[in-house]
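First up is the structure itself, then whatever we jot down about it.
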Amino acid sequence: MQLPREVIVGNGTIERVAEITQRLGFAESALIVAGSKTYEIAGKTVKTLLEEERLKVDTLLVESATVKDVEVVEEKIRSLKPQVVFGVGGGTKIDVAKVSSANQQKPFISIPTTASHDGIASPLSSIKGFEKPYSFMAQAPIAIIADTRIIMQAPWRFAVSGCTDVIAKITAVKDWKLAHEERGEYYGEYAASLALMSAKLVMEKAEWIKPQSEEGLRVLLEALISCGVSMSIAGSSRPCSGSEHLFSHALDMIKPNHCMHGERCGIGTIMMAYLQRVNWRRIRDTLKKLGAPTTAEELGLEKEEVLKALEMAATIRPERYTILNKLNLNRENSKTIVEATGII
Ligand SMILES: [Zn+2]
């Protein structure tokens, strides 16, 4: 298991970046990977604070998360040889920093500027241009510094997407259990419970999670971080990614970059919960309460696109056994699901 050593969540926590970096044993040099916007929002502060403590700090701005971006960052790590790499930003910047630092065997510190998915704390990365459309193992962050004052400035839609990514663990864990029972796959009770507890907490505290509520954002961040840790414990994305994520990946292939990861997973979770005979209505109602999309129309999707994604989902990752493999849906079944759950 590779677990973070320092996790700090709260208002103004970025101020502690130098103290934490030095405590972890990095007193000489660092490389900051950020986007141009996230550099302004948080990267610049990190640089200043580290430089005040006499660290040599270099910065590399990336605007996407492709294989090419990873190569550029790796090249930079090879030439500068920093002691530690910071990923400052939303999902993509953190993913690039995570993979490139892992490939170059350098530790990585995650400083999220949004709370849109569990990648801010997980050992997995999702990079465009690799053969597979889903995430793969890289390394866990050695530290996570989540400053609610910074994350609160991000559009609310990001936090809502983060909530649905957490709620998706209900169906993900159910799929994992199914694979254990029917295929003898390893199932980690502790990792599964941790992911499931995060989902339950976000469901229960949905009323708190609203714009300008720091308390609500904290619940969400702790849930996302716990999900990341559950994957570190499991050694795979199993506790956090099941058929609902396969549906989301399929949809992203059919209509690339059309909506946010959590939004696609939310729609997937409603349908997969229906198939798994769990209380899908409660999930849908909670999503509504949070302001997350619960219909194809709200996501700007055509019926045909949703049906196609449902059919494609089971083929994306054949080794990942889920309810979709068990039921082997045909077009008629898919139509029934989207209509029964009100997605269409
Ligand atoms: Zn996810």
Side-chain angles (χ1 to χ4, degrees), residues 65 87 89-95 98-99 110 112 114-128 130 132-138 140-141 144 146 157-176 191-192 194-203 209 220-253 256-273 283 286-287 290 292-293 299 309 313 316-317 320 322-324:
T92 52
K93 315 303 177 293
I94 287 182
D95 273 347
K98 197 190 287 176
V99 182
S110 170
T114 65
S116 58
H117 61 75
D118 58 26
I120 58 172
S122 80
L124 287 104
S125 245
S126 152
I127 299 288
K128 297 238 182 243
F130 279 134
K132 298 183 173 79
Y134 46 84
S135 48
F136 55 91
M137 271 293 176
I144 304 158
R157 188 180 171 194
F158 285 83
V160 173
S161 175
C163 291
T164 48
D165 194 29
V166 174
I167 292 172
K169 309 325 178 204
I170 296 173
T171 47
V173 168
K174 194 99 178 158
D175 276 326
W176 194 15
L194 189 57
L196 208 51
M197 185 182 69
S198 306
K200 279 185 182 159
L201 269 173
V202 167
M203 295 272 286
I209 306 176
L220 169 60
L221 281 166
E222 287 174 359
L224 288 170
I225 292 167
S226 302
C227 289
V229 169
S230 78
M231 290 185 260
S232 286
I233 294 172
S236 80
S237 63
R238 257 303 192 182
C240 294
S241 167
S243 48
E244 75 299 319
H245 270 71
L246 294 175
F247 169 79
S248 163
H249 297 319
L251 207 51
D252 196 30
M253 287 166 87
N257 306 320
H258 177 68
C259 40
M260 299 186 72
H261 171 77
E263 293 173 340
R264 292 191 299 268
C265 288
I267 301 277
T269 305
I270 295 172
M271 291 191 285
M272 302 313 151
I283 293 173
T286 309
L287 259 51
L290 288 161
L299 271 187
I316 286 192
R317 201 169 178 175
R320 178 146 290 188
T322 70
I323 189 75
L324 293 172

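Side-chain atoms are counted along with the backbone in the values below, which use heavy atoms only and exclude waters and symmetry mates. We count ligands from 1, going down the list as the structure has it; atoms in each ligand are counted the same way.
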Heavy-atom side-chain proximity of Asp95 to Ile127 below 4.5 angstrom: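 Yes. Closest side-chain heavy atoms under 4.5 Å.
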
Taking just the N, O or S atoms of His245, which one is nearest to the Zn ion (ligand 1)?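 Result for His245 and the Zn ion (ligand 1): NE2.
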
Can you tell me which N/O/S atom of Asp165 has the shortest distance to the Zn ion (ligand 1)?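 It is OD1 of Asp165.
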
Can you tell me if, anywhere in His261, an N/O/S atom lies at a distance from the Zn ion (ligand 1) that is smaller than 2.8 Å?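 So His261 does bind the Zn ion (ligand 1) by this criterion.
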
Under the side-chain hydrogen bond (donor to acceptor under 3.5 Å, both in side chains) test, which residues partner Ser110, sequence neighbours left out?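 Testing Ser110 for side-chain hydrogen bond (donor to acceptor under 3.5 Å, both in side chains), a comparison that skips the adjacent residues, returns none.
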
Quick one: side chains of residues 224-233, donor-acceptor pairs under 3.5 Å with protein atoms, not counting sequence neighbours, listed by atom name and distance.
residue	atom	partner	partner atom	Å
Ser226	OG	Glu222	O	2.8
Ser230	OG	Cys227	O	2.7
Ser232	OG	Gln2	O	3.0

Out of Asp175, Thr322, Thr171, which one pairs with Ser243 under the side-chain hydrogen bond (donor to acceptor under 3.5 Å, both in side chains) rule?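 Exactly one option meets the side-chain hydrogen bond (donor to acceptor under 3.5 Å, both in side chains) with Ser243, and it is Asp175.
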
